[in-house]
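Chain letters run A, B, ... following the sequence lines, proteins first, then strands; residues in each count from 1.
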Number of protein chains: 2
Amino acid sequence: MTQLDPETPGAVADEAPRLGRKRDHTRDPEILDAALEVLAETGYDGMTIDMVAARAKAGKATLYRRWPSKAELVIDAVACMKKVDLDPSSLPDTGTLRGDLIALIRPHSIEESERKMQIMAGMMSMIARAPELADAANAAIVEPRAAVNRLLINRAVERGEISGECDIETISMISPSMATYRSLVLKKPVDRAFLVALIDGVVLPALGLGAGARDKALAS
Amino acid sequence: MTQLDPETPGAVADEAPRLGRKRDHTRDPEILDAALEVLAETGYDGMTIDMVAARAKAGKATLYRRWPSKAELVIDAVACMKKVDLDPSSLPDTGTLRGDLIALIRPHSIEESERKMQIMAGMMSMIARAPELADAANAAIVEPRAAVNRLLINRAVERGEISGECDIETISMISPSMATYRSLVLKKPVDRAFLVALIDGVVLPALGLGAGARDKALAS
DNA sequence: TGGTTCCGATACTTGACAGTACCGTATATA
DNA sequence: TATATACGGTACTGTCAAGTATCGGAACCA
């Protein structure tokens, strides 16, 4: 995204070792985290470099030594957002699609996606001015969740729980989209009750699993 | 929202007529329209009072005579957005829910909601800082569309086309939510193909109308 | 026609923030 | 220990926009 393309962030680079201290850039992670925090709290336009520097207990000059501008810092911060987004092996496997989807709803995941929503909201004004950032933001923030849904649904198709004739692509985006909308625009909490209502009232019915799936689950 | 609460915008107010010109405030609508235009194009933070004044061919002082600050101007502009949002009598009535929903998709409505999305995007940073604005923005921009869906669905329930056991409230928000998400975050066009896919792939199935509804419609 | 008020334009003040320059210090290498 | 480098801190500059002040002209009324 910036000049760190070839290296991972914080990597040692360059030519032969010189005298004195190495180019460690060891404070990068703290600075990027601070940038995300401030971005989430105040939005891109409200955020100042001084805020980020103060939050990271760093000098403003340090930030400018590493990133050429505020915009590049933010882009880098979003791009480097740690992708804790559950690899396939750590996904729930309860045997039913409903069970899997419900199992995804945990306090931790709700909290994390709340944070991501804040970051997304903070980026909106940037995205409006530079639409090419939309892809990056989407890839880092909401797409991972849609991908999980897609995977779980495909697994349900494979084991014959549902037919494969549905529009899986669109249906996978229902909960990310509606949760984003609820959080960003409505400013209402995306809590367990909302997500369960979404699964039982929209996602499963759209896949051809009527109220039966829920009732069966409740009875057992 | 501002000091014009008791009056409708542009209303003549006050005491006995004085000498000279009346307090007409006759330029208000142009100014508010200009504000919405600039807001949609550049976002709240990027917008300047000079831009709005220039667009409305008005003096900057004129704006400040009427609204105490940039924020109040924008709030007023959004609140006064003309609600052309189709009264019940002008809604389609094709006899089937699918027909009604599809009939809502017209080039004009797509264009208009594209504009509203731009405005909403422009307001996001304001909303983040003043969450109480979320309600106002929602009420002026997306809620009307959800209300139309709700009405059409309820009508379908009344004539027995679908059962009333669905989560109509949530389902009415599917297309507004997902269209908003697609436009604001994904920056992809909300075109007819997308909306039809949403209706046939999500909304109708979620209401218990399987692919049959579409196939029947296509066959006839 | 003369008085009154609103309007458009423009010049001005003020404050905030991006980005730069610089200094003293801490730290790692030799 | 000596040296070079990165860092934290702070002072500085330049720009830009919010909000204010003022003025001449136009529209309206008596």
Legend entry - Pairing of Arg106(A) and Glu112(A) as salt bridge, 4.0 angstrom limit: no
Inset, instruction - May I ask you to verify if any side-chain N or O of Arg66(A) is less than 4.0 angstrom from the OP1 or OP2 atom of dA6(D)? - result: no
Inset, instruction - Mark yes or no for whether Asn154(B), through its side chain, and Arg150(B), through its backbone, hold a donor-acceptor pair below 3.5 Å. - result: yes
Legend entry - Value in whole Å for how far the P atom of dT27(C) lies from CZ of Arg27(A): 13 Å
Legend entry - CG on Leu207(B) to CD1 on Ile168(B), rounded to 0.5 Å: 7.0 Å
Legend entry - Short N-O contact, Asp200(A) and Arg98(A), less than 4.0 angstrom: yes
Inset, instruction - Spell out protein contact along nucleotides 15-20 of chain D as letters: B when the base is contacted, S when just the sugar-phosphate is, - when no protein heavy atom is under 4.0 Å; keep the 5' to 3' order. - result: --SSBB
Inset, instruction - Would you please confirm or rule out a distance under 4.0 Å between OP1 or OP2 of dG8(C) and any side-chain N or O of Thr62(B)? - result: yes
Legend entry - Whole-Å distance separating the CG atom of Leu63(B) from the P atom of dA9(C): 12 Å
Inset, instruction - Please report the closest heavy-atom contact between Met173(A) and Glu169(A), naming both atoms and the distance. - result: CG-O, 3.4 Å
Legend entry - side chain to side chain donor-acceptor pair (under 3.5 Å) contacts in which one or both residues fall within residues 35-52 of chain B, not counting sequence neighbours: Glu37(B)-Arg55(B), Glu41(B)-Arg55(B), Asp45(B)-Ser125(B), Asp45(B)-Arg129(B)
Inset, instruction - Can you check whether any acceptor in the base of dG8(D) is under 3.5 Å from a donor in the side chain of Arg65(A), or vice versa? - result: yes
